[in-house]
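Reading through the structure tokens given below for one structure.
By convention in this document, chain letters (A, B, ...) are assigned in the order of the sequence lines, proteins followed by strands, and residues within each chain are numbered from 1. Only heavy atoms go into these numbers, but all of them, side chains included; no hydrogens, no water, no symmetry mates.
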Number of protein chains: 2
Amino acid sequence: MNKSELKVISVLERVGGFASAQQLHQLLLRSGESIGLTSVYRALQSLLDDKIVDQLRKEDGEAIYRLCGEAHHHHLVCKSCGSTVEIEGSALEKWAKAMAEEHGYREVGHLAEVFGICPSC
Amino acid sequence: MNKSELKVISVLERVGGFASAQQLHQLLLRSGESIGLTSVYRALQSLLDDKIVDQLRKEDGEAIYRLCGEAHHHHLVCKSCGSTVEIEGSALEKWAKAMAEEHGYREVGHLAEVFGICPSC
DNA sequence: GCAGAAATGAAAATGATTTTCATTTCCGGG
DNA sequence: CCCGGAAATGAAAATCATTTTCATTTCTGC
């Protein structure tokens, strides 16, 4: 575990949900850390191999990451400024469970994020 | 519906499952059709807008497509064998829309996948 | 047959991600 | 401390799918 990985983990903790490599890099720079984009990618790849982060793809194919084992919740993410709001997901939980049961799936989990443009953008 | 779209539909029918834009282009060329890669992408984009094809992302972020005349839906993915089942998502759509509206978000989209282990695994 | 619209595709641009490579930092043994 | 090699770092170049640009060709309705 090297410096870059620690920095990436700490910013992921701060974010508390999904973020792309580029977003994480920006956030690190903005909070005063000195780190190259290359190192962010390398750290994410390594954390992925170690099963410390989860990777998903947005609809446009960009990869987004989050810490494994984050408390389960969902976000409403602004496509423009990146601000996030935690949202209530019990309806979603029920839906996911119902769909899985209907098809005989076991050990069910799910991932969901809602994207949009926030009122201030 | 133009020529390129017809060609792309016909090769998708032949394939009978998922294929990437690059693969579809190669297949069309190999089967004697004359078509540019640009047109394959354009046709796929247009078919996607018309909900005639369904787009997914491989783990490396490359887009793959297949014919699918159904409405917007989500997938139930087997964590073990990777097989996917399309699931009905109207409950999810409603949830996403409600959450976004509640917070004043515009131009809403969402991302959702349900994971589990399928009956045959 | 003809003008304007739509379609086409080659080449350039884009944007995320990866690779290369030279430099810097770390670390253990002398 | 000091030295040398190993690991880490990051800037710049390379990669690769996808999109855009733009000039050319094909349709269409009149």
At what distance, to the nearest 0.5 angstrom, does CD of A/E59 lie from CG of B/L56? 10.5 Å
Sugar-phosphate atoms are those with a prime plus P, OP1 and OP2; base atoms are the rest. Using that split, label each nucleotide of nucleotides 6-22 of chain C B, S or - for protein heavy atoms under 4.0 Å, 5' to 3'. -SBBBB----SBBB---
Quick check against the 3.5 Å criterion: does B/K7 have a side-chain atom that pairs as donor or acceptor with the backbone of B/V40? no
B/Q23 CD to D/dT18 P, in whole Å, measures 10 Å
If we ignore hydrogens and angles and just use 3.5 Å, is the side chain of B/W95 paired with the main-chain N or O of A/S90 as donor and acceptor? no
Separation of B/I87 CD1 from A/E102 CD (nearest 0.5 Å): 8.5 Å
Under the 3.5 angstrom rule, does the side chain of A/R57 hit a backbone N or O of B/E62 as a donor-acceptor pair? no
Shortest non-hydrogen pair, B/L92 vs A/L92, comes out as CD1-CD1, 3.1 Å
Base-pairing string, 5' to 3', of DNA chain C - Watson-Crick or wobble, under 3.5 Å, | interstrand: ||||||||||||||||||||||||||||||
Which label fits B/H74 and B/H110: parallel for a plane angle under 30°, tilted from 30 to 60°, or perpendicular past 60°? tilted
Side chain of A/H25, backbone of A/S39: donor and acceptor closer than 3.5 Å? no
